[in-house]
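Below: the structure, in structure tokens.
Every chain is numbered from 1 and lettered A, B, ... according to where its sequence line falls, protein lines coming before strand lines. These numbers were taken from a predicted model, which means no experiment stands behind them.
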2 protein chains.
Amino acid sequence: MRCITIEKKIPKYIQLKETLLGLIESGAIRPGDQMPSENEIADRFDMSRQTVRQTLGLLEQEGRLYRLQGKGTFVSEQSPAAKTHEVQTVGILTTYISDYIFPHIVRGAESAVREKGYRLMLSSTDNDKAREREALEMMLSEPLSGLIIEPTRSAEGNPNVSLYLSLSYQNIPFIMINQRYPEITCPYLMVDDEDGGFQAADHLLSLGHQRIAGFFKTDDLQGVNRLKGFIKAHQERSCPLSPDMVIHYKTDEKWTRPYEIAMQLLASGSARPTAFVCYNDELAVHLLEAARQSGLSVPDDLSIIGFDDSSLATATEVKLTTLSHPKMQMGVDAAQILIDMIEGRSPASAEFCKLYKPELIVRNSTKKL
Amino acid sequence: MRCITIEKKIPKYIQLKETLLGLIESGAIRPGDQMPSENEIADRFDMSRQTVRQTLGLLEQEGRLYRLQGKGTFVSEQSPAAKTHEVQTVGILTTYISDYIFPHIVRGAESAVREKGYRLMLSSTDNDKAREREALEMMLSEPLSGLIIEPTRSAEGNPNVSLYLSLSYQNIPFIMINQRYPEITCPYLMVDDEDGGFQAADHLLSLGHQRIAGFFKTDDLQGVNRLKGFIKAHQERSCPLSPDMVIHYKTDEKWTRPYEIAMQLLASGSARPTAFVCYNDELAVHLLEAARQSGLSVPDDLSIIGFDDSSLATATEVKLTTLSHPKMQMGVDAAQILIDMIEGRSPASAEFCKLYKPELIVRNSTKKL
DNA sequence: TGGCCCAACATGTACATACAAGCTCAGTGA
DNA sequence: TCACTGAGCTTGTATGTACATGTTGGGCCA
């Protein structure tokens with residue numbers, strides 16, 4: 001009884017809409033065909049012309065019909081096609097596009113996204129919070145199906161939290177790579193930087209090095225974590241670590257400060273470090289130059305270890321020992337997990353997390369003491 | 001008289017719509033405010049409630065109003081903002097994203113595009129014609145305001161010409177970078193590769209080298225043009241060029257063929273070349289290794305010259321002499337010219353063309369014989 | 001035969017009425 | 001005091017009528 005009452009609550013004009021759509025979908029009325037006139041429909045379905053008009057208005061608004069005054073009402077051409085494979089868009093927001101390992105991440109994401117039939121919207125923040133906001137707002141000006149985000153300057157708080165929260169509110173899935181804002185709960189992928197830092201230091205310690213200088217960029221969490229692992233390795237091996245053997249620098253100092261300090265350290269006689277752990281290969285190559293300038297040979301006088309296994313690591317004459325991680329794969333994985341979330345296939349909770357263990361690649365820049 | 005008749009032809013519900021919009025725009029009714037009820041409006045403007053409903057339906061459809069049954073009709077929040085600076089999108093289609101100099105081009109384009117308030121859609125072809133088509137079709141599934149295209153494998157014809165022609169037909173401006181399809185007339189930006197090849201060879205010839213081997217990737221026009229300049233320099237200097245001093249290779253052979261041939265050439269005794277001109281820095285670094293393997297020192301026994309002035313050029317111990325060109329600037333210029341075209345500011349005809357003259361950067365990998 | 005006009009029919013505009021359904025709030029009753 | 005009810009407002013659904021406007025085609029007239 002109740003059921004029937006509820007059934008009956010469906011308005012007539014909606015019922016008519018479904019009926020007409022059925023006729024169109026079934027092919028009884030084909031694209032381009034003229035519909036029966038309003039009066040005819042009204043008679044046939046035993047309703048007033050006004051109600052028919054209301055239905056037709058809806059269908060016209062949805063693009064399924066078009067009406068020509070004086071001529072009649074007609075079925076639109078392409079509607080189902082346009083509706084079924086409408087292409088969706090995924091956004092990726094990175095700090096830098098051109099530098100170093102980022103292109104590989106972007107490339108991985110792009111190829112995975114393209115393969116799944118999505119488009120990729122790209123934006124970068126240049127590691128600037130204001131630009132992060134700008135880019136996010138611009139990307140979201142048209143509906144996005146999902147976002148891959150590489151957080152900007154994550155060690156220094158996050159004025160754009162509200163924007164990220166509004167993403168959740170709008171039900172737009174997103175995933176973070178490389179780093180993560182602690183305030184935001186979302187799936188993320190990152191290299192196990194602490195483990196990498198640990199492996200680097202541990203490798204050198206196991207080779208008998210006692211005075212190891214570590215150069216870390218500390219305005220992002222990656223550098224902080226690598227440093228953490230670096231310290232941990234010293235603790236586990238019970239090797240004392242002098243504070244002046246830990247060199248912090250910021251992104252904009254990368255071509256100045258580490259080099260200068262390296263030169264000082266290398267000139268410091270008997271207390272001179274016998275090994276450098278570098279934040280990444282770029283810096284390692286740079287400090288390799290510092291060693292040359294100081295008249296020291298690598299690895300005989302100084303061991304150097306990099307991070308990322310970039311193309312720079314093997315471009316040098318002394319091939320760099322470094323920590324390798326799947327740069328492009330992270331982009332691919334991020335895209336795939338995100339698309340799983342978009343398409344509702346994912347069991348990946350908000351807590352989902354994938355850590356990539358770096359692999360130590362021993363080449364010729366490190367040597368037993 | 002006629003005029004008045006025409007005035008009177010404007011339907012009441014349209015008039016009411018304009019009136020209400022006026023009230024909203026003027027601030028008399030503010031976003032979030034409740035509108036007068038349908039009956040009230042009907043009374044005030046002396047029309048039936050049905051007609052008022054028609055107007056409100058239109059405005060609701062346009063997103064200016066929303067209606068809540070039982071509560072009333074309200075003015076939407078953000079409509080004017082969303083309407084006035086609706087964000088447009090520009091696409092960029094490159095062969096590779098992560099390799100080498102492409103990230104710089106993409107970055108330049110991204111930053112210029114973002115600055116102008118556009119969004120950037122990114123896709124790559126992996127130098128594959130089928131994927132080029134796929135990517136183009138996908139990007140165009142939603143309207144794009146313009147496209148930056150780096151042609152795919154341009155030395156081998158172009159099965160996708162029709163797609164590009166349809167761009168013109170749809171009035172979507174586009175611009176090509178790095179290379180150009182000869183069948184398509186459009187503005188383009190490129191490095192003057194022929195001049196670069198010429199400068200490289202000329203530099204070595206002027207240093208007294210007589211036997212110079214040139215390694216060129218010839219499945220794209222860039223390599224072909226660099227080779228052209230390489231040959232031209234020999235002609236102008238009246239220096240004979242033996243055919244086996246010109247090595248062609250294809251993209252997928254880049255890690256094999258040139259290296260092998262270089263090793264052969266370097267082992268060929270008295271006829272051994274005294275200098276290498278390389279398609280790019282990547283290859284130059286690779287052939288630097290071949291020289292080391294052959295026990296030859298650079299630049300004393302062998303001069304090597306690269307192309308692109310990439311980060312690899314200074315990562316090596318022997319800093320590479322190379323040809324520099326504004327990688328990122330090309331992306332910036334492409335974006336700016338394209339946006340000028342989109343916004344109709346451009347006097348740039350379809351024939352517009354900008355050639356970047358490469359600049360020879362002399363470092364330590366070349367030496368007077 | 002050719003041009004014109006008008007009837008017939010299509011959708012568009014406008015108004016009237018009636019009742020259904022959802023929200024608010026004041027007043028009632030336990 | 002608190003919960004319920006119902007009056008009175010809102011928008012939503014449904015139908016009726018009337019006339020305007022645009023399209024087509026057949027029939028009339030020159």
Tell me whether the rings of Phe174(B) and Tyr164(B) are parallel (<30°), tilted (30 to 60°) or perpendicular (>60°).
tilted
Just how far, in rounded Å, is P of dT15(D) from CG of Asp43(A)?
12 Å
How is Leu68(B) classified with respect to the nucleic acid when contacts are heavy atoms under 4.0 Å: base, sugar-phosphate, or nothing?
sugar-phosphate
Any donor and acceptor pair, going by atom type alone, linking the side chain of Asp340(A) with main-chain N or O of Ile337(A) inside 3.5 Å?
no
Under 3.5 Å, is there a donor-acceptor pair between the side chain of Ser26(A) and the main chain of Gly22(A)?
yes
Flag the pair Ile149(A) / Ile175(A) as yes when at least one side-chain heavy-atom distance between them is below 4.5 Å, and no otherwise.
no
Report the distance from atom OH of Tyr66(A) to atom C1' of dA10(C), rounded to the nearest whole Å.
14 Å
Could you work out, with salt bridge (charged side-chain N to carboxylate O under 4.0 Å, His left out) as the rule, every residue matching Arg53(B), not counting sequence neighbours?
Glu38(B)
Atom-to-atom span, CD of Gln34(B) to C1' of dC23(C) - whole angstrom:
11 Å
note: Lys17(B), atom NZ; dT13(C), atom P; distance rounded to Å ~ 12 Å
Protein N or O to nucleotides 5-9 of chain C N or O, pairs below 3.5 Å:
none

For atom CD of Glu38(B) and atom P of dG22(C), their distance in whole Å
16 Å
Rounded distance in Å - CD1 (Ile14(B)) to C1' (dT21(D)):
15 Å
Is a donor on one side and an acceptor on the other found under 3.5 Å between the side chain of Lys129(B) and the backbone of Thr152(B)?
yes
Pairs: protein N or O with nucleotides 15-19 of chain C N or O, under 3.5 Å:
from    : atom 1 : to       : atom 2 : distance (Å)
dC15(C) : OP1    : Lys12(B) : NZ     : 2.4
dC15(C) : OP2    : Ser48(B) : N      : 3.4
dC15(C) : OP2    : Thr51(B) : OG1    : 2.8
dT17(C) : O4     : Gln50(B) : NE2    : 2.6

Listed partners of Arg114(B) passing salt bridge (charged side-chain N to carboxylate O under 4.0 Å, His left out), at least two apart:
Asp126(A), Glu110(B)
Between dT11(D) and Lys71(B), is there an OP1 or OP2 to side-chain N/O distance shorter than 4.0 Å?
no
Whether Arg53(B) contacts dT11(D) is assessed here as follows: a side-chain N or O lying under 4.0 Å from the phosphate OP1 or OP2. Is that the case?
no
Would you mind checking if Arg64(A) and Glu25(A) are paired as a salt bridge, meaning a charged N to carboxylate O distance below 4.0 Å?
yes
Protein-nucleotides 25-27 of chain C N/O pairs under 3.5 Å:
none

Could you tell me whether a side-chain N or O of Glu150(A) sits under 3.5 Å from a main-chain N or O of Thr95(A), the two making a donor and an acceptor?
yes
Among residues at least two apart in sequence or on other chains, which ones pass side-chain contact (heavy atoms from CB on, under 4.5 Å) with Glu137(A)?
Arg133(A), Leu163(A)
Are there more than 12 heavy atoms of other residues, nucleotides or ligands under 6.0 Å from atom CD of Glu115(B)?
no
Gln69(A) CD - dG22(D) C1' separation (whole Å):
5 Å
Mind calculating the distance between CG (Asn39(A)) and P (dG12(C)) to the nearest angstrom?
13 Å
